[in-house]
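The structure appears right after this line, and notes come after that.
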Protein chains: 2
Amino acid sequence: MSITRGHAVTAALSREGIVDAALGLVDRHGLAGLSMRRLGRELGVDPMAVYRHLPDKAALLDGIVDALHAEMDLDSPAGAASWRQELATYAGRVREVLHRHPRAVGVFVTRAGSVDTGNARLADRLAAAGFAARTGSWMVECVRSLTVGLVVAEVVGAAGSGADDDERFRFGLTALLDGFERAGTQAALARPSPRSPSAPRTRPTARR
Amino acid sequence: MSITRGHAVTAALSREGIVDAALGLVDRHGLAGLSMRRLGRELGVDPMAVYRHLPDKAALLDGIVDALHAEMDLDSPAGAASWRQELATYAGRVREVLHRHPRAVGVFVTRAGSVDTGNARLADRLAAAGFAARTGSWMVECVRSLTVGLVVAEVVGAAGSGADDDERFRFGLTALLDGFERAGTQAALARPSPRSPSAPRTRPTARR
DNA sequence: ACCTGAACACCGTTCAAGT
DNA sequence: ACCTGAACACCGTTCAAGT
């Protein structure tokens, strides 16, 4: 747990070291620049050595997605004062990590990975804030989809400068969160009283 | 213009016929099942014949994205009664086409393609409904990102049945559109009076 | 002049041959 | 028993050789 972190250049391959190196390769050379053979060269080992730790290139790509999810740190408590902030923190973490690995966004978006654990944790906290279970997970999934979708648009198109992109993201996220509080959405709400201390005040109220 | 439509199996290659065949290959065998050589075989021509109509595999993939955009028919007037309906129609068209080509979603999301024409057209209509130009294009881009992001989640995860996916999509889109009408978003609004007959009544009103 | 298809430099993956 | 690396069946793309 102490040695394999960082750059495992010489011997002693580990799944984690391999995946780290693979992500580095994607960061520097793009997805097309990642091949099993090149990865072996990068690690200074036999091109086929990787296959002893990972069955497939598919598994390697899944590993990259898992590593990105780990870097997003979605499980750690946001310590947010409201469900709005909770979701905003979640979106911010996703966006920040994707911005750090723009050339890996394509892989991230294409593969399932371990999305579910972090999502479920947050959905639970939303349930504690008074949302029906289904509504809570929808909210998480929508926030996630909007966030990822916007980053994809940034990465794929040559469009906006960074500042414009930030502003657009804040605009969209605000609108979506506002919408969660509003009428059309209320129908999906169930439990009437908040249960958790982490979301005390901002439980949605019917407005129409 | 009459012969090359449909399936151009034998001679007389055209860029359009090639792209159609490529999309068909992706639909049936997935993105990994598309190769320049296999495409030639599919079309019954020399494997290298494609290169006379398209410079690259990259160009072929761009062609596929363009074909999907064309199928979405985003330029045609929605004839919608409100800007809400206008955006909902847009999102519905995007979603419908992506559902028809689930295995092509990965390509679609990864490449820029000719997004801008359809988006700009719609953004103009939103401007006519009273939104500032920047706000209008943000709205389109957010709706698009949410829609595409949700479809990606559907395709990539084994998650919901079709009905659940539809419900989640409607939930998210409704929330986003509701949010566009609401306070935090109002700051970005500019022109106060509607100009177009196609969006007569539902101009957003401040609510806080 | 045009088109073909052999050839080049790569892939992911398997598996026989060595240690 | 383990690991290596040759070999297989593919790639995208180029370009000399044919017509």
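Heavy atoms only: backbone and side chains are in, while hydrogens, waters and symmetry mates are out. Predicted, not measured: the structure shown is a model, and the values here were computed from it.
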When B:Leu150, B:Leu173, B:Asp166 are each screened for side-chain contact (heavy atoms from CB on, under 4.5 Å) with B:Arg95, the one that passes is B:Asp166
Measure up the B:Phe131 and B:Trp83 rings against each other and bin them: parallel (under 30°), tilted (30 to 60°), perpendicular (over 60°).
perpendicular
[N] [atom2] sits how many Å from [X] [atom1], rounded?
X: A:Leu61; N: C:dT13; atom1: CG; atom2: C1'; result: 15 Å
X: B:Tyr51; N: C:dA7; atom1: OH; atom2: C1'; result: 14 Å
X: B:Leu31; N: D:dC11; atom1: CG; atom2: C1'; result: 13 Å
X: B:Leu39; N: D:dT13; atom1: CG; atom2: P; result: 12 Å
X: A:Met36; N: C:dT14; atom1: CE; atom2: C1'; result: 13 Å
X: A:His53; N: C:dT13; atom1: NE2; atom2: P; result: 17 Å
X: B:Leu34; N: D:dC10; atom1: CG; atom2: P; result: 16 Å
X: B:Met48; N: D:dG18; atom1: CE; atom2: P; result: 19 Å

Out of D:dG12, C:dC11, C:dG12, minimum distance to the side chain of A:Arg41 belongs to C:dC11
Checking D:dA7, D:dT13, C:dG5 against the side chain of B:Asp46 (C-beta onward), the nearest is C:dG5
C:dA6 -> Watson-Crick or G-U wobble partner, both distances under 3.5 Å, gives D:dT14
C:dT19 -> Watson-Crick or G-U wobble partner, both distances under 3.5 Å, gives D:dA1
Next on the checklist: With rounding to the closest Å, how many angstrom separate the C1' atoms on D:dT14 and C:dG12?
Outcome noted: 23 Å
Using atom P in both nucleotides, what's the gap between D:dT19 and C:dA7 to the nearest angstrom? 16 Å
Run the ring pair (Phe, Tyr, Trp, His ring centres under 6.0 Å) test on B:Phe108 and B:His101 for me, step by step, so that the C-alpha distance in whole Å, both residues' side-chain angles and the decisive distance to 0.1 Å come before the verdict. CA-CA 10 Å; B:Phe108 182 79; B:His101 305 280; over 10 Å; no
**Asked** So what does A:Arg52 hit on the nucleic acid, given a heavy-atom distance under 4.0 Å: a base, only sugar-phosphate, or nothing?
**Response** sugar-phosphate
### Query
Under a 4.0 Å N-O cut-off, is there an ion pair linking B:Asp46 with B:Arg37?
no
(message) For A:Arg121 and A:Ser76: C-alpha separation, side-chain torsions, deciding distance, then whether side chain to side chain donor-acceptor pair (under 3.5 Å) applies.
(response) CA-CA 9 Å; A:Arg121 209 72 75 92; A:Ser76 87; over 6 Å; no
